[in-house]
Structures are given as structure tokens and as C-alpha cells.
Visitor: 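Below you'll find the structure I mean.
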Amino acid sequence: MKLYSTKNKNGANVTLAEAVMQGLPADNGLFMPVEIPRLSEAFIQNIRGYSLTEIAYELCSTLLQGAIPVDDLHRLINDSMTFPAPIVQVSDDVYSLELWHGPTLAFKDFGARFMAQLMAYFNQKNDTELVILVATSGDTGGAVASGFHKTEGTKVVILYPSGKVSPLQEKQLTTLGDNILALEINGTFDDCQDLVKQAFLDAELNAKIRLTSANSINIARLIPQMFYYFEAYKQLPHHEKELVFVVPSGNFGNLTAGLLAKRMGLPVSKFIAATNANDVVAQYLENGVYNPRPSVRTLSNAMDVGAPSNFVRMTDLYENDWNEIKKDIIGYTFTDEETRAAMQTCYTKTGYILDPHGAVAYLAVKDYQKTHDCTAIFLETAHPAKFLEDTESILNQKIKIPARLADLANKEKVADFLQTDFKSFKNWLLEYL
């Protein structure tokens, strides 16, 4: 497998190991596969007979093209994909793809655990400590912390926006200790993401510290996120109608993984990008103008991204042809008030409890189905208990908290507080690492 930088498609290609361990190209682009091969028709037709790990192996062996030996690839997948991705029927032709059955109760577990296995595999012969930087708007940090906790030869530095993650999300970021370090940044997720990107471009830092990224800017995160699109398709009771996937979107890694899955043969008609007030991509899909701006805080905090990194991957897939992009992706935007109402309505009518992110996707399903006879699968990206105060207040009922979340309540938060200037962040890295 070879990969190129989105900023220089004709430049030198790198191997999978180089792309994963570097995180970002030196020119600050993003790595993309030179070739996206299609899965066999026989595999798609017989997919009901495959387990999730077998689907994952088929995708990886096709895409990675021998970058990892067969036995090692089987082990990496079996060690990381240890939890299910079930679809649950919510109403006629509407299904929830529940991606919160992993250890941190969020979809990020798929990418983080696979990436942790992959990095440990590529790092096993290197004696220099690997420092993994990750910016989070909520769930990424917890998943990465869990995936890399006590992984030999690594340290993880998590940057999160102060006051803009839920209390339980914050505990997942700040209570593990050992090789997991947390930085509470006095700003937004975009500020956290900018600090991480600046660190990769700083010559002094990179000369002294071996840096890589665990955000969806790292291609290792997107590969396993393709698995569950095929797993969801497999579970559908019928395939007669047009199929759409509805993706609550912030940094757009999840939707980009879906687009890659479609290129590999996933039989999907459309993707719907469901966004909150941070709707720069939805606006682009409507008028062809991309205008990133500072993010604003919303009820669906993990989607509060004003300059989504994976936008460049999305446009790169379509060679920046807006008309071609619009054939595959539709954008919808909803307010917090609409999100609250959707959570209430869905629970009252179906008994199904949505988290605020899944609720945004559910709203897009309902709007799209007003004019399209289709089967819709929306991504339920986190367990509702991760947003306990909001969910209980909106539904006016107590939510059962899974034990692995409840256990966090009495643990002590440990995090250093920093401003948004790069100099402070750089000095912290040089002092502590």
C-alpha cells in the first residue's frame, strides 16, 4: 500500500508504516491511498456469512495490499475488534447503528483500538519513545486513552477544550494516569487541533520528540471505521430499497471512512452529513463555498468543529468537483432546540433513547424520508449516559449508567491547564517529555 499527501498528489509516496507513524505529511496535507481497490462481488453478495472480524480482514487485506503479513493482520484485528456493532430497528425503514459497545462507549473505540495495535506493531523494533498527540472534542480522547493505556514505548498527550466536554467524558480523559497525560486548553476544539498541527510542523520539537497523531487526520483511524459500514449492511433484513447512511458529523472522519467504503464496493446510495450549528460543510454542499469559521458550543459537543480536517480528504476523493460530491453527499443542519425535540419525540414514539449526536442524525433521516422511499441507517455514536445531565433533563427520566462509566465518578481529575498560544504548549512538551 502506498499513500500520497493531499497537498502534493504527484509527490513522493510513503508506506503504510510511514504514514501511520508520521501522522501528517511534512507539507501539512493528509495521507490518502494511491489506490482504493474494490472488494469482490462475491464478498458483497455473501456478506451475511462473514463475522465482523472476517469483514475487517477482507477489507484490510484488499486495501493494505500486503503491507502487513497475513498472520499479523489477523492478530491485530482479533485483538482490537472485540465488541459488536449492532443495528437496531427504531421504526419502519429506520435503523440505528449502535457504535457505543466498546470500552469507552463511543464509536471512536473502533479507530483508537485498531490504531493502537497498528502503532505498537510498527513501533516494536524502535527504542525511542513515541509521543502521540490527540485533540478531542469529547470522545476521541477517551477512546485513545483507553486504547493506548500502558502500551509500552508510548506516551499520549490529550488536548481538550475547557468546559466543552461532558463531565463523564472529561473523567475518561483525565483519570487513567500512567502514560496518559491530559491538557485542558482554554479555548475550542479547533484551538486544540491547531496546536497539534503546529507541533508537527515545528522543527525543534520534532528533532527532540518522536511525534505522531491519533486524531482522524491519521489514516490508521479511518481504516477500521470502514468496517462497521459493511457490518451494518450485512445485518439489514432486506436490500430492496435505496440505502442511505446518516452520519452525525464534526471533523468528518466518520463520513470520509464511509466514502472510502463506498469506493471499495459498499452498496450505498447516499451519505447524509447531519450537522449542528457548526455547519460549514453543509453550507459547502449547498452552495459550493467552503468557509471555515470558529466553532460554537452546542448540545452535540463532539460535533463542534468549525474547520473539519477531513474536508480535504472528502474533496480529494472527488478531485474537488463539487457537482460530483453532491451526487453522493447531502448536508442537513439542525439547532439544539430541534435536537432536544427529536430526543423527546423518538423516545415517546419508539422507546429508543438517542444521545444528542444520534438525535441530529435521526432528524436528518426524518427529513430525507419525507421525499425519498429508502432504508436509512443512522450512526448512534455514543451511549446516552455519556451526556447524562442533558439526556435526563430532556427526557425527564433517569438513565442507567454502565458500570465502566459509573466507576469514573469518584476518580480524581489530573490535567494541566494551558492557554491557546503555541509557545506555552511547546514549552510544556519540551519540559515534560
Side-chain angles (χ1 to χ4, degrees), residues 47-48 50-57 59 76-90 94-117 136 138-149 166 168-169 171-173 176 216 221-237 245-248 250 253-254 257-258 261 300 302-303 343 346-347 350-362 377-388 391 399-408:
I47 196 169
R48 292 190 198 278
Y50 288 78
S51 67
L52 173 58
T53 52
E54 289 169 339
I55 288 171
Y57 176 76
L59 264 70
L76 292 174
I77 289 170
N78 289 334
D79 288 350
S80 57
M81 298 296 108
T82 57
F83 42 89
I87 64 169
V88 175
Q89 186 166 8
V90 177
V94 178
Y95 297 84
S96 168
L97 172 55
E98 292 185 345
L99 299 176
W100 45 257
H101 291 271
T104 71
L105 303 171
F107 82 97
K108 304 293 179 72
D109 285 323
F110 286 89
R113 289 176 70 82
F114 181 85
M115 180 174 56
Q117 292 288 330
T136 185
D139 288 325
T140 295
V144 171
S146 173
F148 282 92
H149 187 219
S166 77
L168 285 176
Q169 284 176 319
K171 285 294 183 77
Q172 286 185 317
L173 311 175
L176 282 177
S216 58
R221 276 276 304 279
L222 297 190
I223 293 169
Q225 289 179 261
M226 287 191 283
F227 302 165
Y228 47 70
Y229 284 100
F230 286 92
E231 174 69 7
Y233 173 77
K234 176 193 82 176
Q235 296 175 61
L236 283 174
F245 276 96
V246 187
V247 187
N254 219 353
S300 44
M303 296 155 57
M343 293 171 70
C346 182
Y347 180 68
T350 71
Y352 191 80
I353 299 177
L354 299 165
D355 92 292
H357 306 78
V360 174
Y362 180 78
I377 300 175
F378 69 91
L379 275 56
E380 186 45 282
T381 53
H383 193 287
K386 295 194 78 170
F387 313 95
L388 188 66
T391 304
I399 303 297
K400 184 177 180 180
I401 306 175
R404 54 191 182 276
L405 270 187
D407 291 345
L408 294 171

Visitor: For Met226 versus Leu59, what's the shortest heavy-atom pair and its separation?
Guide: CB-CD2, 3.7 Å
Visitor: Compare every heavy atom of Lys386 with every heavy atom of Ala106, then report the nearest pair and how far apart it is.
Guide: CB-NZ, 3.9 Å
Visitor: Check salt bridge (charged side-chain N to carboxylate O under 4.0 Å, His left out) between Glu231 and all other residues, then give those that pass, not counting sequence neighbours.
Guide: Lys234
Visitor: Quick check on side chain to side chain contact (heavy atoms under 4.5 Å, CB included): which of Leu105, Asn254, Val247 does Thr381 satisfy it with?
Guide: Asn254
Visitor: The test is side chain to side chain contact (heavy atoms under 4.5 Å, CB included); show your working for Met343 and Tyr362 and say whether it passes.
Guide: CA-CA 9 Å; Met343 293 171 70; Tyr362 180 78; over 6 Å; no
Visitor: What distance do His357 atom NE2 and Leu379 atom CG have between them, rounded to the nearest 0.5 Å?
Guide: 12.5 Å
Visitor: Thr391 and Pro384: which non-hydrogen atoms are nearest, and at how many Å?
Guide: OG1-O, 3.2 Å
Visitor: Are side-chain heavy atoms of Tyr50 and Phe230 found at a separation under 4.5 Å?
Guide: no
Visitor: Nearest 0.5 angstrom please: Leu168 CG to Thr104 OG1, how far?
Guide: 12.0 Å
Visitor: Would you say the side-chain atoms of Arg113 pair up with the backbone N or O of Ala143, donor to acceptor, closer than 3.5 Å?
Guide: no
Visitor: Quick one: does Glu380's side chain have a donor or acceptor within less than 3.5 Å of a partner on Asp355's backbone?
Guide: yes
Visitor: Return the CG to CD distance between Leu52 and Gln235, rounded to the nearest 0.5 Å.
Guide: 9.0 Å
Visitor: List in chain and number order the residues that pass side-chain hydrogen bond (donor to acceptor under 3.5 Å, both in side chains) with Lys108, two or more places apart in sequence or in another chain; answer none if no residue qualifies.
Guide: Thr140
Visitor: Return the set of residues passing ring-ring contact (aromatic ring centres under 6.0 Å, His included) with Tyr233 (not counting sequence neighbours), or none when no residue passes.
Guide: His239
Visitor: Mind running side chain to side chain contact (heavy atoms under 4.5 Å, CB included) on Thr350 and Val94 for me, showing each step along the way?
Guide: CA-CA 11 Å; Thr350 71; Val94 178; over 6 Å; no
Visitor: From Leu97 CG over to Tyr229 OH, what is the distance, rounded to the nearest 0.5 angstrom?
Guide: 8.0 Å
Visitor: If I compare all heavy atoms of Pro224 with all of Gly111, which pair ends up nearest, and what's the gap?
Guide: CG-CA, 3.5 Å
Visitor: Return the set of residues passing side-chain hydrogen bond (donor to acceptor under 3.5 Å, both in side chains) with Thr136 (not counting sequence neighbours), or none when no residue passes.
Guide: none
Visitor: Who pairs with Phe148 by ring-ring contact (aromatic ring centres under 6.0 Å, His included), at least two apart in sequence or on another chain?
Guide: none
Visitor: Determine whether Val90 and Phe378 satisfy the following criterion, side chain to side chain contact (heavy atoms under 4.5 Å, CB included), listing intermediate values before the conclusion.
Guide: CA-CA 10 Å; Val90 177; Phe378 69 91; 4.1 Å; yes
Visitor: Taking the six-membered ring for Trp, are the ring centroids of Phe114 and Phe227 within less than 6.0 Å of each other?
Guide: yes
Visitor: How long is the gap from NE2 on His101 to OG1 on Thr82, to the nearest 0.5 Å?
Guide: 13.0 Å
Visitor: Could you give the distance from OH (Tyr57) to CD1 (Ile77), rounded to the nearest 0.5 Å?
Guide: 8.0 Å
Visitor: Taking side-chain hydrogen bond (donor to acceptor under 3.5 Å, both in side chains) as the test, write out the residues that go with Tyr95, two or more places apart.
Guide: none
Visitor: Write down the atom of Ala385, the atom of Ile401, and the distance for their closest heavy-atom approach.
Guide: CB-CA, 4.2 Å
Visitor: Of the non-hydrogen atoms in Gln172 and Leu405, which two are nearest, and what is the gap between them?
Guide: NE2-CD2, 3.6 Å
